[in-house]
Amino acid sequence: MTSLAPGKTGEIRARLLDLVDLLPEGAPLPSERELAARWQVARMTLRRAMDDLVLQELLVRRQGSGTFTSRPKVSRRLGMTSFSEEMRRRGMRPASRTLELRRHRADRARCQQLRIPAGDVVVEFVRLRLADDAPMALERTTVPERYVPGLSIEDLHSSWYELLATKYRTDIVSGTCQLEPAMPDRRTAEQLRIPITQPCMRIRGISLDARGRVMEYCEAMYRGDRYAITAELHRPARPAAGRAIS
């Protein structure tokens, strides 16, 4: 066998990428021994290239089973950006499928969350969010009707924040959210095309516009196998020396 030098790892990595592109998600790769013999490469060089793709989440190793193709998780930053903006930033094609839209009088809890008078009418809609045609999240959004008069299903095919900015002249500038692990119910699992045993991330939050109005309350279920949440953290500056701390 003719082994390649470590500097040739990139060539083997390219061959692995070609192989991954030809296989469906979750397909097993041939064994290391078989690939090393096929490509006339030392197994150590092959393993280095495979390690690189495992770190990129393009491959996944399962103890006792082998190596399988995978998809890297989409990393969404916590911030005032929409789903559509995040997907476009990562070179993916965002889309939405509106499953429900209805108007009704909000209950006391929702009125408190939206900071509106008791009994006010709200618009509630449910959307399946997709990236490159794959289901990513299921979102239920509630917004005071007075802020979005005439909102219809036809309005909701693209970015919600872009719609608010263009049609309703409203910019979302701040908000709060809470993240927690959750298991999907059967209906949610079917809509996201995942088993009911697949953990998800539930995000609940409110968003405010430049006038300080609560524009929406949103509860979303994100696929745990396709999503990772990232956040930028900053350590607060220490008080200047000699400055009193109240």
Side-chain angles (χ1 to χ4, degrees), residues 76-88 94-131 135-194 196 200-224 227 229 231:
R76 180 169 186 182
R77 297 182 300 174
L78 286 179
M80 298 312 301
T81 56
S82 69
F83 175 92
S84 298
E85 290 171 329
E86 286 291 336
M87 295 307 102
R88 292 190 192 110
S96 294
R97 187 179 304 154
T98 303
L99 307 179
E100 177 186 341
L101 185 146
R102 65 191 184 100
R103 288 169 168 82
H104 61 92
R105 295 194 181 277
D107 59 21
R108 179 181 299 178
R110 194 66 80 236
C111 286
Q112 290 176 345
Q113 290 163 339
L114 293 171
R115 302 176 194 169
I116 56 178
D120 263 21
V121 176
V122 295
V123 182
E124 184 175 339
F125 54 89
V126 179
R127 294 189 298 169
L128 183 66
R129 311 308 304 272
L130 305 101
M136 290 289 190
L138 190 66
E139 294 180 346
R140 181 178 295 273
T141 303
T142 308
V143 57
E145 186 185 41
R146 66 174 74 179
Y147 300 157
V148 288
L151 182 69
S152 67
I153 287 180
E154 289 70 25
D155 292 322
L156 299 173
H157 294 316
S158 58
S159 170
W160 168 236
Y161 285 2
E162 290 176 8
L163 174 69
L164 288 176
T166 56
K167 183 173 181 176
Y168 296 105
R169 300 293 188 266
T170 298
D171 291 320
I172 299 297
V173 298
S174 65
T176 61
C177 68
Q178 179 186 54
L179 285 73
E180 61 182 357
M183 300 300 292
D185 58 29
R186 187 170 299 279
R187 184 180 179 186
T188 299
E190 289 174 354
Q191 291 166 330
L192 293 176
R193 300 180 199 165
I194 57 175
I196 58 174
C200 294
M201 287 181 288
R202 178 185 285 123
I203 302 180
R204 297 187 178 100
I206 61 171
S207 300
L208 290 79
D209 68 2
R211 296 165 58 183
R213 301 179 302 179
V214 177
M215 287 299 300
E216 64 172 350
Y217 171 82
C218 184
E219 182 171 327
M221 287 284 279
Y222 286 83
R223 289 177 54 167
Y227 253 96
I229 301 295

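In what follows, every heavy atom counts, from backbone to side chain, and hydrogens, waters and symmetry copies are set aside.
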(request) State whether a side-chain donor-acceptor pair under 3.5 Å links Arg127 with Thr98. (result) no
(request) Could you pull out the closest heavy-atom pair between Pro117 and Cys111, with the gap in Å? (result) O-SG, 3.4 Å
(request) For the pair Arg140 (side chain) and Glu219 (backbone), establish whether a donor and an acceptor sit closer than 3.5 Å, ignoring hydrogens and angles. (result) no
(message) Restricting to non-hydrogen atoms, name the atom on Leu130 and the atom on Pro135 that form the minimum distance, rounded to 0.1 Å.
(response) CD2-N, 4.1 Å
(request) Verify, without hydrogens or angle tests, whether Tyr168 (side chain) and Pro149 (backbone) share a donor-acceptor contact under 3.5 angstrom. (result) yes
(message) Could you tell me if the side chain of Arg105 sits less than 4.5 Å from the side chain of Val121, heavy atoms only?
(response) yes
(request) First locate atom OG1 of Thr142, then atom NE2 of His104, and finally report the distance between them rounded to the nearest 0.5 Å. (result) 6.0 Å
(request) Measure the OG-CZ distance between Ser96 and Arg129 for me, rounded to the nearest 0.5 Å. (result) 3.0 Å
(request) Measure the shortest side-chain to side-chain distance between Arg115 and Leu208 over non-hydrogen atoms and say whether it is less than 4.5 angstrom. (result) yes
(request) To the nearest 0.5 Å, tell me how far Leu114 CG sits from Tyr147 OH. (result) 8.5 Å
(message) Pairing donors with acceptors under 3.5 angstrom, does anything connect the side chains of Glu139 and Thr141?
(response) no
(message) Is there a side-chain contact between Trp160 and Met215 in this structure, where contact means two heavy atoms from C-beta onward sitting under 4.5 Å apart?
(response) no
(message) Using every non-hydrogen atom in the two residues, find where Met221 and Thr188 come nearest and quote the distance to one decimal.
(response) CB-CG2, 4.4 Å
(request) Nearest 0.5 Å please: distance from the CG atom of Leu138 over to the OH atom of Tyr222. (result) 10.5 Å
(message) Distance check, rounded to the nearest 0.5 Å: Ile172 atom CD1 versus Arg213 atom CZ?
(response) 9.0 Å
(message) For a quick test of reading the model, state the closest non-hydrogen atom pair linking Ser152 to Leu101 and the distance between them.
(response) C-CD1, 3.9 Å
(request) Have a look at Leu164 and tell me which of Asp171, Val148, Leu151, Val143 forms a side chain to side chain contact (heavy atoms under 4.5 Å, CB included) with it. (result) Val148
(message) Looking at every heavy atom in both Gly150 and Arg103, which two are closest together, and how far apart are they?
(response) C-NH2, 3.9 Å
(message) Rounded at 0.5 Å granularity, tell me how far CZ in Arg202 sits from CG in Leu179.
(response) 11.0 Å
(request) State, to 0.1 Å, how close Leu192 and Arg223 come at their nearest heavy-atom pair, and which atoms those are. (result) O-NH1, 3.4 Å
